S.K.: 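First the structure, then my questions, so here it is.
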2 protein chains.
Amino acid sequence: MPDSMAEMVEEPVGGDASTSLYQRILNDIRDRIVSGEWEPGYRIPFEHELTAEYGCSRMTVNKALSQLAKSGLIERRRRSGSFVRRPQSQAAVLEIHDIRIEVEALGLPYRYELMAQTKRRATTVDRERLGPGPSVAGQVLALQCLHYAGVRPFCVEDRLISLAAVPEAADQEFLKSAPGPWLIGQVPWSAAEHVIRAAAADGETAADLGLASGAPCLIIERRTWSAERPVTHVRFTYPANAHAVVARFTPSDS
Amino acid sequence: MPDSMAEMVEEPVGGDASTSLYQRILNDIRDRIVSGEWEPGYRIPFEHELTAEYGCSRMTVNKALSQLAKSGLIERRRRSGSFVRRPQSQAAVLEIHDIRIEVEALGLPYRYELMAQTKRRATTVDRERLGPGPSVAGQVLALQCLHYAGVRPFCVEDRLISLAAVPEAADQEFLKSAPGPWLIGQVPWSAAEHVIRAAAADGETAADLGLASGAPCLIIERRTWSAERPVTHVRFTYPANAHAVVARFTPSDS
DNA sequence: ACTGTGATTATGTATATACATATCAGAAAG
DNA sequence: CTTTCTGATATGTATATACATAATCACAGT
């Protein structure tokens, strides 16, 4: 390598003072990948080449490349180098908002109403709703609630809480505030599963939402676990035109 | 700290030879957080304390903690320490499958059918469908397709492709294979947005799917960008009972 | 031609060190 | 009593170095 390297050392190319060097290297490479300049299968420069290009140590380059590998944009093979992976895992990030936030984002006043609250021994159906996991036996709390946007019903909430996982819920009366936000502050959930589907409203739900029976609805069901143990199952039913779920994907690792 | 530290130095506690030290530290801490042992707000040990506990250098501890911070499980504040964050961003990962894979997962034979293919200058409606971005002007390809599971229609696909972004699509005839998989191999998409909602089937769609008009359907719309430029918009319409979207969340960083 | 074997190479992990930076506590000054 | 300054502290980033590990290549021997 010629001695023209000296000028690179004193100023790392198009330096941006706000971000760190490894972040800049990471962004540079990511940009070249997502722009298509480096297509899937392309062998990106070796660590020692980038070391020379940016005039920094191998550790700095390694930190950038390791993160890119972890985020799935590149694949690293010993002795061979690092390669651009094809965008394979079409995964998107789905943001689950609080219903109050959702309603207020529409500029409408939010109101919550408890329709029914039952404490009972877990039935087989209850156990199935809560999902697989140990110690599901015992008491559960079943709740039916209604969320309003202005004067109109916004969504029906049908929730089951495992009192084995959340004993504090037994003494709670969810008259004023919804169980969702309370639970989040209560239990450190470690896993969640969402199922989103469409269905025709059954008679009762339709009545609650002020719809004709059979009207299309969006149903979001969520199961939550805390340390492998089922915590809660909740089903939100929205009128078809009231709500949509948005999910985004960007290969960001910043 | 007493001098009993010596034994920790020689063998890093419950050593697992398969994983690296920083991974083990990361896992240890993550486990304590998701198990609830360290609740939100808890100040986790300082780097120099973990350094002593694991008998390793600060860089190793730092690598573990930095990753936990990046994955959002902890928050790091200079001079104050690192703190367990409350599980705030209820984000879930939504896996977008190929329709062929979905159908075959049901154990049914997959069949694809092209209903219509039109090439035209982009209208205002087309530009809105493709979403914001530069150089949307120009020609677009509009496709209507039907995906079958066995003998029954599984879903209707209504797609718009920007020929400015994918000029190769102009010469393609999507008679045998669906445009989705072809596009993935063609364009390195860098961002995607999904909107999932429920709606009543309109007359044409209902007919295609063999449903009564007004039957509830699940609609998934996806917009894709490649380097800020709109590539395609696609709307999949499924009969309510045929399909559901599943999204999972786990605070995994392995 | 085939096969093993060792050298080479790029990455993976870890260390000690250094300095920058944000922030907080308490001291000094007004 | 408030403001300002200063030092202490924990994290953030970067470096040079070292050795481990996996994969590949070249070469020697059967």
Side-chain angles (χ1 to χ4, degrees), chain A residues 1 5-6 8-13 15-29 41-85 253-254, chain B residues 1 5 8-13 15-29 42-85 253-254:
Chain A
M1 180 156 297
M5 207 189 86
M8 295 178 171
V9 176
E10 53 192 41
E11 175 51 37
V13 195
D16 178 0
S18 65
T19 54
S20 53
L21 218 189
Y22 91 89
Q23 267 293 349
R24 214 165 63 69
I25 298 174
L26 195 157
N27 290 337
D28 282 2
I29 295 172
Y42 179 86
R43 207 213 76 227
I44 76 174
F46 295 132
E47 290 188 348
H48 71 263
E49 295 175 302
L50 293 168
T51 285
E53 185 179 334
Y54 287 93
C56 65
S57 79
R58 187 169 79 88
M59 283 299 294
T60 306
V61 170
N62 184 284
K63 191 170 179 180
L65 294 185
S66 297
Q67 285 198 16
L68 284 170
K70 217 157 87 70
S71 76
L73 237 74
I74 67 172
E75 181 189 341
R76 313 199 72 194
R77 282 199 295 276
R78 279 165 157 152
R79 168 74 213 241
S80 310
S82 306
F83 300 84
V84 177
R85 297 217 310 184
D253 9 61
S254 52
Chain B
M1 184 161 292
M5 207 191 84
M8 294 177 170
V9 175
E10 53 192 38
E11 175 52 39
V13 193
D16 178 0
S18 66
T19 55
S20 55
L21 218 189
Y22 90 88
Q23 266 294 346
R24 215 166 61 69
I25 299 174
L26 195 157
N27 290 337
D28 283 1
I29 294 173
Y42 179 87
R43 206 212 77 228
I44 77 173
F46 295 131
E47 290 188 348
H48 71 263
E49 294 175 302
L50 293 167
T51 285
E53 185 180 333
Y54 286 93
C56 66
S57 79
R58 187 168 81 87
M59 283 300 293
T60 306
V61 171
N62 184 284
K63 192 170 178 180
L65 293 186
S66 297
Q67 285 198 16
L68 283 171
K70 217 157 84 69
S71 77
L73 236 73
I74 68 172
E75 181 190 340
R76 313 200 73 195
R77 283 199 293 275
R78 279 167 158 153
R79 167 74 211 242
S80 311
S82 307
F83 300 84
V84 177
R85 296 218 311 183
D253 9 62
S254 53

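Since the model is a prediction, treat every value here as computed from it, not as a measurement. Order of the sequence lines fixes the chain letters, A, B, ..., with proteins taken first and strands second; residue numbering starts at 1 for each chain.
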S.K.: B:Y22 or A:H48: which one's nearest nucleotide on DNA chain C is closer to the 5' end?
M.R.: A:H48
S.K.: Atom CZ of A:F46 and atom P of D:dT24: how far apart are they, to the nearest Å?
M.R.: 12 Å
S.K.: Quick one: is A:R58 getting a side-chain N or O under 4.0 Å of the D:dA16 phosphate, OP1 or OP2?
M.R.: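 Result: no.
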S.K.: Quick one: OH on A:Y22 to SG on A:C56, what's the gap to the nearest 0.5 Å?
M.R.: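 Between A:Y22 OH and A:C56 SG, I get 13.0 Å after rounding to 0.5 Å.
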S.K.: Would you tell me if any nitrogen or oxygen in the side chain of B:S20 comes within less than 4.0 Å of OP1 or OP2 on C:dG12?
M.R.: no
S.K.: Specify the separation, in whole Å, of atom CG of B:L26 and atom P of C:dG12.
M.R.: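 Checked: the CG to P distance equals 17 Å.
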S.K.: Assess B:R76 against B:F83: is NZ or CZ under 6.0 Å from the centre of the six-membered ring, and within 45 degrees of the ring's axis?
M.R.: no
S.K.: Using atom CD of A:E75 as one end and atom P of D:dA22 as the other, report the distance to the nearest whole Å.
M.R.: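 Between P of D:dA22 and CD of A:E75: 16 Å.
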S.K.: Rounded to whole Å, how long is the line connecting atom CG of A:N62 with atom C1' of D:dT13?
M.R.: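 It works out to 14 Å between those atoms.
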S.K.: Please give, in whole Å, the distance from C:dA14 P to B:K63 NZ?
M.R.: 7 Å
S.K.: Can you work out whether A:M59 or B:S66 has the more 5'-proximal nearest nucleotide on DNA chain D?
M.R.: B:S66
S.K.: Apply side-chain hydrogen bond (donor to acceptor under 3.5 Å, both in side chains) to the pair B:T19 and B:R24, showing each step before the final yes or no.
M.R.: CA-CA 7 Å; B:T19 55; B:R24 215 166 61 69; 5.6 Å; no
S.K.: Quick one, B:T60 and B:T51 - any side-chain contact, counting heavy atoms below 4.5 Å?
M.R.: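 B:T60 vs B:T51: side chains apart.
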S.K.: Is there a side-chain hydrogen bond (donor to acceptor under 3.5 Å, both in side chains) between B:D28 and B:Y54? Walk through the geometry before answering.
M.R.: CA-CA 11 Å; B:D28 283 1; B:Y54 286 93; 2.6 Å; yes
S.K.: For D:dT11, does OP1 or OP2 lie under 4.0 Å from any side-chain N or O of B:S82?
M.R.: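 For D:dT11, OP1 or OP2 has a side-chain N or O of B:S82 closer than 4.0 Å.
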S.K.: Figure out the CD/P separation between A:Q23 and D:dT13, and round it to whole Å.
M.R.: 8 Å
S.K.: How many whole angstroms separate atom CZ of B:R76 from atom P of D:dT9?
M.R.: 18 Å
S.K.: Take atom CG of B:L21 and atom C1' of C:dT15, then tell me their distance rounded to the nearest Å.
M.R.: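 After rounding, the reported distance stands at 12 Å.
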S.K.: Apply the salt bridge (Lys or Arg N to Asp or Glu O under 4.0 Å) test between A:E47 and each candidate in A:K63, A:R58, A:R78; give the one that qualifies.
M.R.: A:R58
S.K.: Restricting both atoms to N or O, compile the protein contacts to nucleotides 20-24 of chain C shorter than 3.5 Å, with distance only.
M.R.:
| unit_1 | atom_1 | unit_2 | atom_2 | d |
| --- | --- | --- | --- | --- |
| C:dT21 | O2 | B:R78 | NE | 3.3 |
| C:dA22 | O4' | B:R78 | NH1 | 3.4 |
| C:dC24 | O2 | B:R79 | NH1 | 2.6 |

S.K.: Once rounded to the nearest 0.5 Å, what's the spacing between atom CD1 of B:I29 and atom CG of B:L68?
M.R.: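 Separation between the atoms: 6.0 Å.
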